[in-house]
K.L.:
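One structure, as C-alpha cells, below. Some questions next.
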Amino acid sequence: MQLACISISNLPFRVESACNPRLRGRPVVIVTTTGQRRTVLDASPLAKGVVPGMSLAQALSSCKDAVLVEGDPKSYNRAFEQVLDALEARGADVEDAGLGLAFARLNGLAPMFGGEARLITSLLQAVPASLEPQLGVADGKFAAYVAASMAPPGSAYKLPGDLAEFLAPLSVDLLPASWEVKRRLHSFGLHTLGQVGNVMLGPLQAQFGPTGKLIWELSQGIDPRLLIPPHHEEIVEEALTFTTPLVALEAIAMATDNLLARAFSRPSVRGRFARVCTLEGSVFRAPSWQKVMVFREPVGERRKALTLITHTLEGSPPPGPLEDLHLTLSGLTGEAGRQESLFPEARQQDNLREALAQLQVRLGAEELPIYQVREVEPWSRIPERRQALVPYAL
Amino acid sequence: MVKNTGKTPSAGALRPLNTPKLVRVQADAESHPITVVHRETELQVLSVEDQWCIEDEWWRDHPVSRSYYEVVLADGRRVTLYQDIVTSKWYEQRDG
C-alpha cells in the first residue's frame, strides 16, 4: 500500500507566526494552561533547549529571552482540519495521526492527476506554504514518515525500493514507540534499525511485548498497520464574521438566530432534528471560545433552539468581544425526532430508546452503563444463575 | 461456580443478579441459625419458616452444596440464609 506522509513540524508556532509575522526570527514559546499548571505546547526552532511538555519555569530558564504566546489549540486544530479537508478533496483516504501529521493513501490516484509527480505536487499544494510541509512517499506508514522527515521543508521525498537496506543505518529514535522503549533499546546497544532487525523476534517480544513485534517488523521494512480514515458524522455548519466585534448578548443572540435560520432552512436538514449545537468564536485579543450544548430532547425548530441556546449563554457568556461566530449542528436524527407508534407498548420502547440515545450523546460514552433484568437460567436451582443484568441494547 | 476472571466489569459485560452476601451467623449444634448480624446489628432468629438443600454441579472443583433457611428475625424481617456445606460459611440471598 503506497502512502504519503504529510508532516508539519511546529504547527502551532507556524500558525501563530502566520497571524503575527513579528514572531518570525525570534525564540517563541507557546504556552498552554491545564488547571494551575502552565506548560510548553510548542516552541520555535530558535528557542533552544525548550521542548513540548516542559514546564514554563523550565522553559524560561533554558531560554531567557523567549517571547511567550498564549496557545490557542482550537485555531491550531482548525488549521490542521482545513489541511485534512484539502487532502480529502483530492480524493485520498486520509488518516489524522495527530496535530501536524497525516497519512494519505495514494493507490489509484496517480492516473487521475496525470502521473505520480503531479499527484505529489497537488498534495503539497493542499497545505498552505507558510506551514512548510514535508511530504514522504513509501510503502507503509513508518517508511512514509521516515521519508517525510528527510524531505526539505515545502518539498517531497520518495524512498527507494529496498526499504530494509535503506532503513538499516537510521536511528531507533525514529520508531513510533515510547521514550522508555527507545531508551531501553539504546541501553541494549541497539542504536540503529538494522541492529534491531538483526535480533531474533522472540527476545524482542519477550522484552517489549506487542511493541517488540512491531518495531522488529518496521526495522525489516514491514509495516502491518492499516490506514484508518476518520468516521464522518453528518454535521451542518454556518458562520458569520462581524465588522465590529460583538459584546452584547442580545447582539450575539441575533447572530445565532441568523445562523440557525440558515442551518434549518437547508434541504438536508428539513424535517430533521439536532441533538447537539456547538458555538465557536474568535475572541478579540484572547484565545478562541467554544460552547457545546447537548439538548435534552432533539430540536428541529429554530425558535426552540434559539431559546435553549440563549438561556445557556446567559449562564456562561463568551469571555470577550466576538469577531466571528460559527454554529455547528450535529447528532442529526432521521426524518422525525420522535417515532410515534399506534401501540402503547411499542411507543414506550421507542421513548426509552430515544432517551437512551440522548443520554449517550450527553455523556459521550460509547457504551451506556444501563442494564435490564433478563432471565438466563430460570430453571436453575441456584438462585444467582436464574437472572442477570444484561446491557440494554439501543 | 464459574471462576471469577478477575476482570473489571465493563459497561458491556453481563452482570450477575442476586449474588449471595457473606453474613455472620451463630448456629446451634445442628447448624440451625440462632443469631444473625444483619446490617451491623445482631438479631435473634425467632423462627425457621422453611428449610431446604441444594446439591448441584458435583462435577466442578467446587460443587454447589447449600442448606437454605428462610427465617424470621427479631425485628420482624424475613430473610433467606444459607450455609455453604463445603466452606461452612453463611450467606444471605433472596430465593427467586
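Just so it is clear, the structure is predicted and the values come from calculations on it, not from any experiment. Keep in mind that the numbers below use all heavy atoms, side chains included, and drop hydrogens, waters and symmetry copies. Throughout, protein chains are lettered first and strands after them, A, B, ... in sequence-line order, and every chain is numbered starting at 1.
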K.L.:
I need the B/N18 CG to A/Q387 CD distance, nearest 0.5 Å.
P.N.:
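Answer rounded to 0.5 Å: 7.5 Å.
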K.L.:
List for me each residue that meets side-chain contact (heavy atoms from CB on, under 4.5 Å) alongside B/S47, sequence neighbours excluded, and say none if there are none.
P.N.:
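So B/S47 forms a side-chain contact (heavy atoms from CB on, under 4.5 Å) with B/E49, B/V72.
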K.L.:
For A/E384, is there an ion pair with B/K21 - N to carboxylate O distance below 4.0 angstrom?
P.N.:
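A/E384 and B/K21: not salt-bridged.
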K.L.:
Once you round to the nearest 0.5 Å, how far does CZ of A/R385 lie from CG of B/D56?
P.N.:
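Here the interatomic distance stands at 8.0 Å.
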K.L.:
Could I get the full list of salt bridge (charged side-chain N to carboxylate O under 4.0 Å, His left out) partners for A/R184, not counting sequence neighbours?
P.N.:
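With neighbours one apart ignored, the set is empty.
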K.L.:
Run the numbers on A/I382 and B/R66 for side chain to side chain contact (heavy atoms under 4.5 Å, CB included), then give the verdict.
P.N.:
CA-CA 9 Å; A/I382 305 165; B/R66 302 174 183 176; 3.8 Å; yes
K.L.:
Just wondering, are more than 12 heavy atoms of other shown residues or ligands nearer than 6.0 Å to OH in B/Y82?
P.N.:
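Enclosed: over 12 neighbouring heavy atoms sit under 6.0 Å from OH of B/Y82.
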K.L.:
Just wondering, are more than 12 heavy atoms of other shown residues or ligands nearer than 6.0 Å to NZ in A/K182?
P.N.:
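For A/K182, atom NZ is crowded (more than 12 foreign heavy atoms under 6.0 Å).
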K.L.:
Would you mind reporting whether A/P383 and B/Y68 have side-chain heavy atoms less than 4.5 Å apart?
P.N.:
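The answer is yes, as the side chains (C-beta and beyond) meet within the 4.5 Å cut-off.
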K.L.:
Are there more than 12 heavy atoms of other residues, nucleotides or ligands under 6.0 Å from atom CZ of A/R183?
P.N.:
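Enclosed.
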